[in-house]
Amino acid sequence: MKKIQSTLFAFVIAVVAIAIAAPVLALDIGEKAPKTDVEMKNAVGEAVSISDVAGENGTLVIFSCNSCPWVQAWEERIVEMGNSFQDKGVGVILINSNDPEQKPADSFSAMKKRADEKGYDFPYVMDETSDVARAFDATRTPEAFLFNASGELVYHGTIDDNAHNPKEVEEQYLKTALEAVVNGKEVPQKKTKALGCTIKFREA
């Protein structure tokens with residue numbers, strides 16, 4: 001009997017350990033955004049939350065940074081979409097969750113300079129604990145999460161199908177999703193694989 005109890009106890013411990021170690025799944029389509037009330041400092045020094053920027057037609061959250069070559073390759077397209085779709089009732093926020101001790105190019109002062117130089121008309125904020133990225137289970141820069149007017153996730157993934165050659169883009173995943181949201185239509189492709197650099201998380 002003691003041997004059976006010991007075996008059962010070991011099994012339970014193993015199951016619990018696996019459960020604890022199992023990764024949190026990314027937000028699923030239809031779910032609401034987490035941590036929407038967390039205030040983060042934007043590039044002009046103001047406290048901004050995801051809720052603050054929510055638009056009447058939807059909200060676009062992109063985890064980004066300064067240093068990643070993938071962000072740099074897509075940046076012009078991200079800025080163009082962010083600026084133009086704000087005028088169409090979509091709230092836009094870029095979130096930098098990188099630890100500047102690991103990536104000095106992602107410091108707050110560098111963010112401010114970047115936003116000014118590249119013409120960001122939307123908030124570019126610092127996730128000072130990386131906890132917002134963890135709550136979204138974001139892992140890449142850039143990684144896009146688009147929510148509709150009801151706050152439900154309708155698109156998650158990459159920007160388009162060719163980061164490094166805009167002229168050869170065939171599938172504009174994010175822009176297509178944004179246009180669908182603005183026009184009250186269903187997003188045709190709701191998930192793509194986020195491509196980019198890994199987020200350099202701060203210690204939990």
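- No donor-acceptor pair under 3.5 Å is formed between the side chain of D99 and the backbone N or O of K200.
- Under the side-chain contact (heavy atoms from CB on, under 4.5 Å) criterion, Q72 pairs with R114, not counting sequence neighbours.
- Of the inter-residue distances, the one linking K88 atom NZ with M81 atom CE reads 11.5 Å to the nearest 0.5 angstrom.
- Between M111 and M126 the shortest side-chain heavy-atom distance falls below 4.5 Å.
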Start with the C-alpha distance between L146 and V181, add both sets of side-chain angles, then the distance that settles side-chain contact (heavy atoms from CB on, under 4.5 Å), and finish with yes or no. CA-CA 9 Å; L146 176 63; V181 162; 3.7 Å; yes
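- Listed here is the closest heavy atom pair of H156 and E143: NE2-OE2, 2.6 Å.
- The nearest pair of heavy atoms linking V132 to V38 is CG2-CG1, 4.1 Å.
- For the residue pair I29 and K191, the shortest heavy atom distance occurs at CG1-CE, 3.6 Å.
- For the residue pair S109/S107, the side-chain donor-acceptor check at 3.5 Å is satisfied.
- When all heavy atoms of I159 and P142 are compared, the closest pair comes out as CG1-CG, 4.1 Å.
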For a side-chain contact (heavy atoms from CB on, under 4.5 Å) check, start with the C-alpha distance between D28 and E31, then their side-chain angles and the critical distance, and finish with the verdict. CA-CA 6 Å; D28 203 356; E31 292 187 334; 3.9 Å; yes
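- Under the 2.5 Å cut-off for SG-SG separation, C65 and C197 do not qualify: their sulfur atoms lie farther apart than that.
- Environment of CD in E101: sparse, with no more than 12 heavy atoms of neighbouring residues, nucleotides or ligands closer than 6.0 Å.
- Using a distance-only test at 3.5 Å, with no hydrogens or angles considered, a donor-acceptor pair links the side chain of N148 to the main chain of E152.
- Aromatic ring centres of Y173 and Y155: separated by at least 6.0 Å.
- Interatomic distance, I50 CD1 to K35 NZ, rounded to the nearest 0.5 Å: 10.5 Å.
- Annotation: the span from D131 atom CG to F201 atom CZ amounts to 10.0 Å, rounded to 0.5 Å.
- Partners of K185 by side-chain contact (heavy atoms from CB on, under 4.5 Å), not counting sequence neighbours, listed by chain and number: A180, N183.
- Distance check, rounded to the nearest 0.5 Å: CD1 of I62 to CG of N96 gives 13.0 Å.
- None of V48, I199, V125 except one satisfies the side-chain contact (heavy atoms from CB on, under 4.5 Å) rule with I95; the exception is V125.
- Looking only at side-chain heavy atoms (C-beta outward), L174 and T192 stay at 4.5 Å or farther from each other.
- Using modelled atom types, one side-chain atom of R140 and one backbone atom of G196 make a donor-acceptor pair closer than 3.5 Å.
- Linking Ile, Leu, Val, Met, Phe, Trp and Tyr residues whenever their side-chain heavy atoms come within less than 4.5 Å places I78 and V90 in a single cluster.
- In summary, K113 and D116 do not engage in a salt bridge, as defined by a charged side-chain N under 4.0 Å from a carboxylate O.
- In summary, the side chains of D127 and S130 do not present any donor paired with an acceptor at a separation below 3.5 Å, with no hydrogens or angles considered.
- Within 6.0 Å of CD on E76 lie no more than 12 heavy atoms contributed by other residues, nucleotides or ligands.
- The CZ atom of F122 sits 12.0 Å away from atom CG of N42, with the distance rounded to the nearest 0.5 Å.
- Put simply, L60 and L27 are part of two different groups of oily side chains (I, L, V, M, F, W, Y) that touch within less than 4.5 Å, one to the next.
- When every heavy atom of N83 is checked against every heavy atom of D121, the shortest pair comes out as OD1-N, 3.0 Å.
- The environment of K103 atom NZ is sparse: at most 12 non-hydrogen atoms of other residues, nucleotides or ligands sit within 6.0 angstrom.
- Hydrophobic clustering places Y124 together with F85 (ILVMFWY residues linked when any side-chain heavy atoms are closer than 4.5 Å, directly or through intermediates).
- For S51 (side chain) and T36 (main-chain N/O), a donor-acceptor pair under 3.5 Å exists by modelled atom type.
- S67 and D106 share a side-chain donor-acceptor pair at under 3.5 Å.
- Ion pairing between a basic and an acidic side chain is recognised when a charged N comes within 4.0 Å of a carboxylate O; D160 and R77 show such pairing.
- Here I93 contributes atom CD1 and S64 contributes atom OG; the two are 12.0 Å apart, rounded to the nearest 0.5 Å.
- Taking the ring centroids of W74 and H164, they lie at or beyond the 6.0 Å cut-off.
- Judged by the 6.0 Å distance and 45° axis criteria, K118 is not positioned over the aromatic ring of Y120.
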Applying side-chain contact (heavy atoms from CB on, under 4.5 Å) to F145 and L153, what does each step give before you reach the verdict? CA-CA 7 Å; F145 295 80; L153 184 66; 4.0 Å; yes
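- V187 approaches A177 most closely through the heavy-atom pair CG1-CB, 3.7 Å.
- Panel note: side chain D161, backbone V169; no donor-acceptor pair is recorded below 3.5 Å.
- Looking only at side-chain heavy atoms (C-beta outward), V53 and V92 stay at 4.5 Å or farther from each other.
- Because its NZ or CZ atom is both nearer than 6.0 Å to the ring centre of F108 and within 45° of the ring axis, K41 counts as a cation-pi partner of that residue.
- Taking the side chain as every heavy atom from C-beta outward, V61 and F147 approach each other to under 4.5 Å.
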